[in-house]
Every structure is written in C-alpha cells, then in structure tokens.
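Every chain is numbered from 1 and lettered A, B, ... according to where its sequence line falls, protein lines coming before strand lines.
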There are 2 protein chains.
Amino acid sequence: MRSEDLAKLLGLSRSTISRVINNYPDIPQTTRDKVWKAIEEYNYAPNASARKLAGVKNKMIALILLDVKDNEEGHHIKVSEHTLIHDNPFFSPIVNAVIDQANKMDHYVLVSISYTKDDLRKVQSIFQQKLIDGAIFVGTQEAENELIFSLIEQNHLIAMIDTSEVNNANHNAIYINADNYEGSVKAVSYLLELGHRSIGIITGNLNKLSAQERLAGYETTLMQHGIEMTDKMIYQGDFTENSGYDGIKYFFRTANPPTAIFVSNDTMVVGAYRAITELGLRIPEDVSIIGFDNSFFSPYLNPPLTTIDISFSEMAKRATTLLIESIEQEQQRGIVEKENATLIKRESCKKWKGS
Amino acid sequence: MRSEDLAKLLGLSRSTISRVINNYPDIPQTTRDKVWKAIEEYNYAPNASARKLAGVKNKMIALILLDVKDNEEGHHIKVSEHTLIHDNPFFSPIVNAVIDQANKMDHYVLVSISYTKDDLRKVQSIFQQKLIDGAIFVGTQEAENELIFSLIEQNHLIAMIDTSEVNNANHNAIYINADNYEGSVKAVSYLLELGHRSIGIITGNLNKLSAQERLAGYETTLMQHGIEMTDKMIYQGDFTENSGYDGIKYFFRTANPPTAIFVSNDTMVVGAYRAITELGLRIPEDVSIIGFDNSFFSPYLNPPLTTIDISFSEMAKRATTLLIESIEQEQQRGIVEKENATLIKRESCKKWKGS
DNA sequence: CTGAAAGCGCTTACAG
DNA sequence: CTGAAAGCGCTTACAG
C-alpha cells in the first residue's frame with residue numbers, strides 16, 4: 001500500500017494524504033477524518049526511506065556502546081554470557097532507559113556495540129549514511145575523542161554519558177555525568193553519622209576523573225569534620241575486583257585498621273568481601289563497608305551492600321531527552337549536567353559505638 | 001557528498017560509482033581502485049534511505065522485547081532501575097548477543113521494548129514502514145500471537161526466542177527455545193549423583209511450557225532411577241520470588257523434608273534462600289539447592305548457586321544468525337531448534353551421606 | 001483548499 | 001565496459 005493507492009481509493013491526490021499525515025493546516029476536518037479512517041483500515045504507513053529521502057527527519061537515534069580495550073583484540077561474544085555485562089554493569093540500565101525514553105518521545109533507537117578500534121569505522125558510517133538524527137555515546141575514552149569531535153564539528157547532534165573528558169564545555173554536545181563528588185560526600189558523611197572516626201578508602205584508578213572526584217569527596221568531608229587523615233587510610237585500587245581484595249588485606253595488616261571503609265566501586269567490594277571473609281571478620285559487625293555505583297549485583301551480596309546510586313538510568317533518560325529536544329529544535333548546543341547521587345542504605349554499615 | 005559529486009570528481013558517472021560499491025563484475029580493476037580510493041578519501045557512504053528506496057536491503061533488523069503484563073498499565077521507567085532487568089534477567093544477555101552477532105554479520109539492530117498492548121501498534125508500524133528486513137521477538141505470550149502470525153503471513157521474516165507456543169512448527173518462522181527438559185534432567189541427575197534420594201521440586205507456573213518441561217524432566221529422571229515419587233515432593237510455584245519462599249516453608253513443615261530441592265528458576269531461589277535462613281538452616285549442609293536459568297545474580301547469592309545455564313546468549317546468537325541467513329537468501333522457512341542446557345556447579349549442593 | 005510536478009540520492013535494466 | 005534515464009515513495013513549494 002502506497003500513498004498513491006490510498007489516494008485513488010479516496011479520490012484524492014497523494015499530496016492531500018501527505019498533508020493530513022503531516023498535520024498541515026487548512027484541511028477540512030471531514031477530509032482529515034476520511035483519510036485517517038482509511039489509513040487505519042488499510043494499515044497504511046508511509047515508507048520510512050521515502051520520507052527520509054524527501055527531507056523528513058527519521059525519528060531514529062543511535063545508542064553507541066563503547067567497550068574498546070586499547071591494544072587488545074575484540075572479545076565479542078565472550079566465554080561467559082555474563083562477562084560483558086559484568087565488565088560494564090552499567091550498560092544494561094542505560095540501554096533500557098534510552099530505549100524507553102526514546103520510545104516515549106516517539107523515536108526509534110539503533111543500538112551498536114564497538115569492541116575494537118576497527119569497529120569505530122562502522123560508527124563513522126552510521127553517520128555518513130544519514131541513518132540517524134543523532135546519537136548517544138556511552139563508555140568513551142581518550143581513544144574515541146578524535147572521532148567524536150570530528151562528528152560534532154560536522155554538526156551531528158551528540159550526547160555523551162559518563163565521559164572522562166574534563167573540560168568539555170567548549171564543545172557543542174550534550175554531556176551528562178554522575179556527580180561523583182557529591183556521592184562520595186554522601187557516603188563518607190553517612191559513615192560519620194554512624195559514629196565512625198577511622199575511615200579508610202580504596203580508590204579507583206586515579207587516571208580516571210571519576211576516581212579522582214570520589215577521592216576528593218572523601219578528603220574534603222573528613223577535613224570539614226576535623227578528622228585527621230593519614231596516607232595510611234588511602235589504598236590506591238583500580239576499580240577491579242582484585243584490587244578490592246588487596247585493599248582489605250592491606251588495611252588489616254596495619255596497626256589500627258579502620259572501622260569503616262569506603263570502597264570506590266561495587267566491583268571492588270566483591271573482592272573486599274572475599275578478603276574480609278578470609279580474615280574471619282564479619283560485615284558490618286567488625287567493619288562497615290560502603291560501595292559506589294549500586295551495581296545490579298549489590299543487593300545480592302552478603303550482606304546486601306550499602307552503596308551510592310548514581311542512577312545511570314536517570315543519566316540515560318536525561319541524555320535521551322536533551323538529545324531528542326535538540327533534534328526537534330534543530331540546534332546543536334553545549335550542555336553539561338551532573339546527575340544526583342543518592343545513598344542506598346542496605347546492611348553493610350553499622351553504628352560504631354566508640355572504642 | 002553524493003555519488004554524483006564523487007562521480008564528477010573522478011570523471012565518471014554515478015552508475016559506475018554504484019557498480020563499484022555493489023560489486024558488479026566487468027569493471028576494470030583500475031577503475032575499482034580509483035573509486036574506492038576516492039570513497040575513502042572523501043569519506044563517502046551512500047545514503048541509506050536512497051539505497052533502500054531503490055530496492056536494496058537495509059541490513060537492519062529489529063529486536064523486539066515484549067514485557068507486556070496483561071491488564072496492567074505500562075510501567076515504563078521504573079522506580080528502581082533494577083526492576084526491569086530483574087523482572088527479566090534474561091533480556092540483557094540477549095540484547096548483547098543479538099547486537100554482537102548482527103554487527104558481525106554486517107547488520108544494524110533497532111531495539112524496541114513494548115510494555116503495553118498499545119505499544120504493539122508501534123511494532124506493527126515498524127514493519128509497515130519498511131524500516132527493517134526482519135525481526136527477532138523475545139518474551140512473547142499468548143497476547144502477541146495474533147500480531148505475530150499476521151506478520152508472518154505477510155511474509156515478514158521473523159525469529160522468536162523462548163516462545164511459549166507449543167505446536168509452532170507449522171508457521172514459517174524461526175523458533176529457538178531452551179531445552180528445558182534436558183536441563184531439568186541434568187539438574188536432577190546431578191542431585192542423584194551426589195547421593196540424594198529425597199528430592200523435592202518447586203515448579204514454575206504450570207501454564208507455561210517451560211515449567212511443564214522442567215517438571216517432566218524431574219519426574220522422568222526420578223522414575224528412571226527407581227525413586228519413588230510422592231505428590232508431597234512437588235510444590236507448585238509460579239516463578240516468583242515469593243513462591244520460592246513459600247515452597248521452602250511448605251517442605252519443612254512436612255514430616256520428612258527432602259534433602260535436596262530443585263527450584264525451577266533462580267528468581268524463586270532468592271525467596272527459597274530467605275526462607276531457609278529464617279528456618280536457621282544452612283545451604284548446602286542441611287539442604288542442597290539447585291536452580292535453573294543461571295541468572296546474572298546467581299553467582300552472587302550466598303552460597304553461590306548451582307544452576308542450569310540455558311544460555312540465552314547462545315539462543316540469541318543462533319536466532320540472529322538464522323534470521324540474517326533467511327534475509328540474505330530471501331526465503332522464509334519454518335525452523336525449530338532447541339538450545340542445550342548445561343550444569344553450572346557452584347556451592348549450593350553437597351554430597352548426601354545417607355541418613 | 002487541493003492537484004501536478006520537481007526533487008530527495010540511489011540502483012539497475014536498457015542501450016551502445 | 002559505461003552512460004542516460006526511469007523508478008523507488010514520499011514531501012513540498014508552486015499554481016490555481
């Protein structure tokens with residue numbers, strides 16, 4: 001069924017059909033009704049390619065997930081189906097939220113995953129082919145900056161979630177980041193409220209902005225509360241499970257181990273829990289643990305983990321909304337926003353009754 | 001950059017550019033090289049809509065996730081970002097695997113989630129608009145059958161993962177299901193190997209084929225080993241966490257509780273673990289538990305859950321491969337396949353030393 | 001208020 | 001081996 005067919009059926013021209021569909025003014029209500037009725041009846045929908053070719057926007061955005069490991073082959077489908085999502089526990093809520101929000105705003109979403117630098121050429125071609133009206137990038141690192149900046153310069157509409165880029169306000173793109181600093185302040189403040197005065201931190205990879213900000217929140221909060229801070233209380237991890245394990249082992253080798261430990265992400269907590277169990281200690285009786293990210297597995301840990309939710313799904317929703325608004329207004333703007341972090345109280349932290 | 005521009009630049013016609021891109025024979029290598037070089041240099045890619053309109057296939061498939069609750073409003077973005085994925089722990093690996101495999105086979109994927117019956121009209125329109133070459137459905141239930149059958153009859157290429165439909169071989173579509181029966185046999189056989197002779201089952205919702213098959217595997221295996229089976233050993237659950245909890249409470253109210261329990265999915269195990277802890281019992285010392293699905297959270301349970309992996313990602317990969325092959329061969333075939341189930345040994349089962 | 005016609009950027013028989 | 005031209009199914013100034 002083409003618009004021509006429908007037109008003939010109704011004794012109208014294609015132009016009129018098109019005008020009704022695209023909501024042109026100056027069409028009598030009777031004609032409108034007649035056309036819509038026939039559209040329903042014959043299950044007509046305009047050919048998407050033809051519309052797009054004629055200049056109408058696609059209502060299609062791309063969600064581009066970047067999981068590029070430098071100097072490594074692509075790992076594609078992994079040995080375990082859990083590996084990818086485990087590597088990137090945040091991808092899943094983002095995918096859901098973007099699709100959800102886009103659907104609500106009447107847009108389709110094309111999802112693409114890149115594992116290798118080579119895959120990035122395909123990303124390039126998604127734009128060249130004029131397949132989409134805009135795109136959301138997740139998981140970008142240094143390596144992809146060049147590609148993305150060139151895309152922005154070509155006036156493509158782009159939103160980025162959780163970029164590591166710092167001074168990004170100059171670029172005409174949408175940047176949505178977590179408020180790592182605020183989250184960290186909330187985590188440490190909570191431990192202080194519980195009465196802890198000896199609080200350790202296992203940091204993330206300090207090359208990453210998020211790790212730096214989480215450390216900064218820790219330091220500032222302790223300082224503001226007049227708690228003395230020693231280097232001994234800071235263990236430099238790297239966001240991996242193993243470094244969480246090592247961090248705990250380190251702390252409990254020292255003379256006065258902290259009574260509470262802020263672990264900079266939930267993945268490291270998995271290792272931390274393992275180490276604590278090995279040491280024959282109990283959480284939270286012997287030591288309180290607070291995580292960061294509210295990863296999907298954190299409620300299933302034993303005990304369920306108190307952590308900071310940075311709501312990737314909210315970030316994704318916000319990025320999607322702003323992107324689609326830009327598309328509809330046809331203007332490329334530079335936007336930088338931080339999404340709130342919230343404390344999720346579960347069972348891994350306990351009041352400290354002095355010592 | 002349009003093909004016309006490129007043609008002028010090279011002193012050729014659009015036709016020749018097109019023929020090179022589409023790999024026509026009878027073009028001298030020198031011309032080919034010249035054209036490809038220019039394509040690289042000017043970053044040209046043919047406009048996707050124009051190609052499609054001219055009759056070339058899209059290389060785009062849709063992945064349609066159905067999460068329709070009958071008689072309920074859509075829940076869209078949920079209170080918790082974990083809810084959706086928790087409701088459907090299997091969506092995530094499927095999304096990843098489909099995208100991965102499609103990308104490898106040089107296809108794009110459009111992902112769409114439907115929460116309400118109303119959303120299904122949008123699914124309809126994806127086809128009408130000729131946006132895609134084929135589609136994969138996940139999570140279909142009775143309600144969607146009509147839509148899907150009509151789509152199949154209109155010669156759309158369709159694959160379905162984990163359908164509840166039984167006698168589907170008649171339809172010209174691709175059906176990929178888990179081998180629930182085989183998985184169940186493996187689970188129960190493992191418990192028998194460990195020496196258990198008193199084995200209970202918490203079934204799923206027996207309206208569902210998967211629940212029926214899992215129960216059948218249990219019954220047959222016990223029978224083949226000459227183990228007497230009583231109705232007391234069968235608790236009818238419904239795949240929800242609460243029914244797992246209730247099932248355990250039921251068994252331990254009976255005179256001789258089973259020494260091992262086959263819980264028909266991992267979600268019910270979460271409730272089962274809770275009940276067992278409340279009863280002051282230990283897993284696996286007091287009772288062995290085996291689950292089904294190998295859900296993402298199962299390694300994080302305490303103790304880590306021994307379960308059956310039905311590899312949704314393998315199913316997704318297979319469905320994607322078969323669908324794209326159908327697209328390329330332009331033929332609609334009826335295919336029904338079962339994907340293997342494998343036993344994942346973790347720490348929730350223990351040898352039974354007689355009694 | 002509505003129709004005829006140009007144009008969007010390709011592909012592909014049809015000629016030569 | 002390659003070009004000129006028709007056609008894919010829409011939208012939208014341009015007329016009337």
*For Ile152(B), does its backbone N or O pair with a side-chain atom of Gln332(B) as donor and acceptor, under 3.5 Å?*
yes
*So what's the dot-bracket for DNA chain C: Watson-Crick or G-U pairs under 3.5 Å, [ ] if a pair crosses, | if it pairs off-strand?*
|||.||||||||.|||
*Has the side chain of Asp133(A) got a donor or acceptor atom that lies under 3.5 Å from a matching backbone atom of Asn58(A)?*
yes
*Distance, rounded to the nearest Å, where Lys8(A) contributes NZ and dA4(C) contributes P*: 11 Å
*Looking at residues at least two apart in the chain, or sitting in another chain, which of them share a salt bridge (charged side-chain N to carboxylate O under 4.0 Å, His left out) with Arg121(B)?*
Glu40(A)
_Results of side chain to side chain donor-acceptor pair (under 3.5 Å) for Arg318(B) - residues two or more places apart only_ = Glu337(B)
*Could you check Val95(A), Ile113(A), Ile64(A), Leu65(A) and say which one makes a side chain to side chain contact (heavy atoms under 4.5 Å, CB included) with Val138(A)?*
Leu65(A)
*Check against side chain to side chain donor-acceptor pair (under 3.5 Å), Gln331(B) and Ser326(B)*: CA-CA 5 Å; Gln331(B) 58 166 317; Ser326(B) 294; over 6 Å; no
*Give a yes or no on whether a salt bridge exists between Asp106(B) and Lys59(B), defined as a side-chain N under 4.0 angstrom from a carboxylate O.*
yes
*Are any side-chain N or O atoms of Asn103(A) and backbone N or O atoms of His107(A), one a donor and one an acceptor, separated by less than 3.5 Å?*
yes
*In B/S/- notation, 5' to 3', how is nucleotides 9-16 of chain C contacted by protein heavy atoms closer than 4.0 Å?*
BBBBBB--
*Nearest-Å distance, NZ (Lys52(A)) to C1' (dC8(C))?*
11 Å
_Close residues, residues 28-42 of chain B, relative to DNA chain D [heavy-atom separation under 4.0 Å]_ = Pro28(B), Thr31(B)
_Under the side chain to side chain contact (heavy atoms under 4.5 Å, CB included) test, residues paired with Glu4(B) that sit two or more places apart_ = Arg2(B), Lys8(B), Arg14(B)
*Does a salt bridge link Lys57(B) with Glu330(B), judged by any charged N lying under 4.0 Å from a carboxylate O?*
yes
